[in-house]
Amino acid sequence: MELLKEKIRQEGIAVNEHILKVDSFINHQVDPVLMQEMGKDIADHFKDKGITKVAAIESSGIAPALMASLALGVPLIILKKQPSKILNQDLYQTVVTSFTKETNYELTLSKKYISEEDHVLIVDDFLANGEAATAALRLLRMSHATIAGLAVLIEKSFQPGHDKLSAQGVEIYALAQIAKMAENLIQFKE
Ligand code: G4P
């Protein structure tokens, strides 16, 4: 999506070869107009797939997922992060390891808001190592819901997430794919 790539060129900061900072329009301050356009683009891509719900991974996945769910006319469900090990039989729960942040957390979803009738589109801001998205898949599959695909705003194609998810048969739609980064260099995939 050219609009997002242009914004990344203007405001994205490549901290090093791994980390892209997009705090001015995605992760800290949010550009609502860009977010709405990205949501519409995602919805347009998946419009004929029979999606019944959009799932966001808390927290930076919520804004784009809300915009996509609005454009698709379906509810948004938030996969919530909890630090706990507290078992709760009303929830589906799975543990996620974040490489970037070097932490473990529990991703949870209430059994009330998902069922085997659902066909779900997962939306997140970044696809890096694919741990969060893999956990989201695991969680949704516990309810026997089916997965329409994964939409991400930014895929760092030089990290293993894309291949990990593709290998599980998930359709991935990325609005911007980054092939390579270095300090002050961002190279998009053609
Ligand atoms: P994964 O989710 O693809 O496995 O990646 P990883 O564990 O490495 O990422 C952990 C967190 O770091 C995720 O956010 C992910 O979105 C974020 N992240 C990964 N690479 C980048 C990057 O280059 N730039 C930025 N800005 N973030 C990155 P999170 O923990 O879910 O946090 P949040 O959603 O609350 O922001």
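As the structure lists them, so they are numbered: ligands from 1, and atoms in each ligand from 1.
Within a 6.0 Å radius of NZ in Lys80, no more than 12 heavy atoms belonging to other residues, nucleotides or ligands are found. In this structure, Lys21 places its NZ atom where only 12 or fewer heavy-atom neighbours from other residues, nucleotides or ligands lie under 6.0 Å away.
The hydrophobic cluster analysis finds Leu185 isolated: no Ile, Leu, Val, Met, Phe, Trp or Tyr side chain comes under 4.5 Å of it, directly or through other members.
Listed by chain and number, His18, Ile19, Leu20, Asn27, Glu58, Ser59, Ser60, Lys81, Ser98, Phe99, Thr100, Lys101, Asp125, Phe126, Ala128, Asn129, Gly130, Glu131, Ala132, Lys156 each place a non-hydrogen atom less than 4.0 angstrom from ligand 1.
Taking Ser157 as the reference, Glu155 meet the side chain to side chain donor-acceptor pair (under 3.5 Å) condition, with sequence neighbours excluded. Scored by the salt bridge (Lys or Arg N to Asp or Glu O under 4.0 Å) test, Glu116 finds no partners at all (sequence neighbours excluded).
Side-chain atoms of Arg138 come within 3.5 Å of backbone N or O of Val95 as a donor-acceptor pair.
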